[in-house]
Amino acid sequence: MTMLEELKLKTFASEAEEAQWWHRTKTSLQLSFEKCGAKGRLGIGTVAKRAAIPSTTIRLDPDDIAKARVQAAKRGLRYQTY
């Protein structure tokens, strides 16, 4: 199992447990990252992709925003996305 596959399946009981995992695997993560870089397999991360997406601003009634917040929370989404 690759490190990425392990991370996708991994769940942590606490932030402390997650921090310990990152600390334990930092050397192997660095080596994996360097190998991918040498092979030209590094992609653009989510942050870079999101930066390329233009943003739009619209004005909404505060009551509509409040309703959107409640409905988005029920679906596990951010209200801006919803």
Value rounded to 0.5 Å, distance of [atom1] in [X] from [atom2] in [Y]:
X     : Y     : atom1 : atom2 : value
Asp64 : Gln71 : CG    : CD    : 9.5 Å
Arg24 : Leu29 : CZ    : CG    : 11.0 Å
Ser14 : Gln20 : OG    : CD    : 7.0 Å

Q. Which atom pair, heavy atoms only, marks the closest approach of Ala72 to Tyr79?
A.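 In terms of heavy atoms, the two residues are closest at CB-CA, 3.6 Å.
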Considering residues, nucleotides and ligands other than [X], do more than 12 of their heavy atoms fall under 6.0 Å from its [atom1]?
X     : atom1 : result
Gln80 : CD    : yes
Phe33 : CZ    : no
Lys67 : NZ    : no

Q | Side-chain touch Lys26/Gln30, heavy atoms, less than 4.5 angstrom | A |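 No; the side chains remain at least 4.5 Å from each other.
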Q. Between Glu18 and Trp22, do the side chains contain an N or O donor and an N or O acceptor separated by less than 3.5 Å?
A.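 Yes, Trp22 and Glu18 have a side-chain donor paired with an acceptor closer than 3.5 Å.
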